[in-house]
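Being a predicted model, the structure only gives us computed values, none of them experimental. For the single chain, residues carry numbers from 1 onward in sequence order.
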Amino acid sequence: MKPYLAIDTSTALGSVAVGRRNELLAEVVVGVSAKHSESLLPAIDFALRSSGLEPAGLGAVVVAGGPGSFTGVRVAAATAKGLVRALGIPLFAYSGLLALAAAATAGETPVCALFDARRGEVYAGCWRFPGDGAIEVVMPPTVAPVEEVLTALAGAQPRFVGEGALRYREAIESAGGRVAPAHQAAPRAGALLWLADVAPGLGAVADPRTWEPEYLRAAGAERGVQG
């Protein structure tokens with residue numbers, strides 16, 4: 001089985017990974033000060049070279065397809081679509097929130113991933129990972145004030161993770177919620193590889209030419225406050 005390339009630039013801290021099934025060959029983190037549009041292709045090139053691969057050696061591309069930073073999601077999507085078209089390989093797309101939750105899972109406790117959506121809101125999604133690759137939806141991806149998310153998930157008692165969880169830690173903990181440590185706050189492209197392995201049908205894109213990310217909010221709502 002050829003390795004897959006995974007791309008996640010949902011937030012200011014992005015990453016690229018190359019791997020197959022349970023073997024992670026390379027993972028590159030793109031720093032918060034870098035612009036995704038300028039740093040993504042060099043990161044992909046470095047990850048491939050570190051894995052001893054050429055682009056032609058890839059079997060598919062897996063991308064975080066929203067929500068998140070409009071610019072980051074758009075850049076990742078355009079890059080992924082360009083690669084699969086040029087290489088003639090499949091495209092898989094998963095929510096960046098799901099990838100973050102999957103990377104931070106701890107047993108059967110639900111994990112709620114939060115990205116900061118600015119304007120007092122968060123992008124939120126919550127899942128349970130009971131084992132054997134199973135994925136149960138507790139809350140599908142949405143954008144809402146953090147207080148609404150906390151109210152909706154009060155009965156689930158999830159573990160909160162992500163940059164949004166760190167920003168609104170006080171509100172979450174005041175409501176009795178648990179916030180994962182900061183080192184688990186950044187999305188990992190390696191988690192996208194795991195999703196493509198255990199749930200390929202969930203992310204398979206039938207027509208990469210017409211596929212578009214799930215932004216959840218119009219770009220104009222973020223203009224001027226989020227890149």
Residue from Asp45, Leu192, Leu40 passing side chain to side chain contact (heavy atoms under 4.5 Å, CB included) with Val16: Leu40
In one Ile/Leu/Val/Met/Phe/Trp/Tyr side-chain cluster, 4.5 Å: Leu100, Val179: no
Atom of Ser50, atom of Ala26 and distance for their closest heavy-atom approach: CB-CB, 4.2 Å
Heavy-atom check, side chain of Leu202 versus side chain of Leu195, under 4.5 Å: no
Distance, nearest 0.5 Å, that separates CG of Leu216 from CD of Glu121: 11.0 Å
Transitive ILVMFWY side-chain link Leu13 to Val122, under 4.5 Å: no
Test side chain to side chain contact (heavy atoms under 4.5 Å, CB included) applied to Arg178 and Thr109, step by step: CA-CA 11 Å; Arg178 295 165 294 164; Thr109 300; 3.4 Å; yes
Side-chain touch Tyr4/Phe92, heavy atoms, less than 4.5 angstrom: yes
Partner residues of Asp197 under the side chain to side chain contact (heavy atoms under 4.5 Å, CB included) criterion, sequence neighbours left out: Arg21, Asn22
Heavy-atom pair of closest approach, residues Val161 and Ala104: CG2-CB, 3.8 Å
Trp127 reachable from Val62 in the ILVMFWY side-chain graph, under 4.5 Å edges: yes
For Val73 against Ser10, the heavy-atom pair lying closest together: CG2-CA, 4.2 Å
Donor-acceptor contact below 3.5 Å, side chain Arg20 vs main chain Gly59: no
pair Arg74-Thr71: side-chain heavy atoms closer than 4.5 Å: yes
Minimum heavy-atom distance between Ala80 and Val61, given as atom pair plus value: CB-CG1, 3.8 Å
Close side-chain approach of Leu24 to Arg188, heavy-atom, < 4.5 Å: yes
Heavy-atom pair of closest approach, residues Val149 and Ala144: CG2-CB, 4.3 Å
Non-hydrogen side-chain atoms of Leu114 and Ile172 separated by less than 4.5 Å: yes
More than 12 heavy atoms of other groups within 6.0 Å of Arg85 CZ: no
Validation row: Pro55, Leu48 side chains within 4.5 angstrom (heavy atoms): yes
Any side-chain heavy-atom pair of Asp116 and Tyr168 under 4.5 Å: yes
Anything under 3.5 Å between a donor and an acceptor, one on a side chain of residues 128-143, the other on a protein residue two or more places apart or in another chain? List them.
unit_1 : atom_1 : unit_2 : atom_2 : d
Arg128 : NE     : Glu108 : O      : 3.3
Arg128 : NH1    : Glu136 : OE1    : 3.4

Interatomic distance, Leu153 atom CG to Cys112 atom SG [nearest 0.5 angstrom]: 5.0 Å
Same cluster (ILVMFWY, side-chain, under 4.5 Å), Leu25 and Ile7: yes
Pair Thr79-Ile44, side chain to side chain contact (heavy atoms under 4.5 Å, CB included): steps then yes or no: CA-CA 10 Å; Thr79 302; Ile44 291 173; 3.8 Å; yes
Neighbour count >12 (heavy atoms, 6.0 Å) for atom CD, Glu23: yes
Thr11 to Pro187 - nearest heavy-atom pair and separation: OG1-CD, 3.6 Å
Single-linkage hydrophobic cluster, 4.5 Å side-chain cutoff, Leu97 and Phe160 together: no
Ring pair (Phe, Tyr, Trp, His ring centres under 6.0 Å) partner of Tyr215, the single match among Phe115, Tyr123, Phe70: Phe70
Nearest-0.5 Å distance that lies between atom NZ in Lys81 and atom CD in Glu212: 4.0 Å
Pairs touching residues 146-162 that satisfy side-chain hydrogen bond (donor to acceptor under 3.5 Å, both in side chains), sequence neighbours left out: Arg159-Gln184
Close side-chain approach of Leu83 to Leu5, heavy-atom, < 4.5 Å: yes
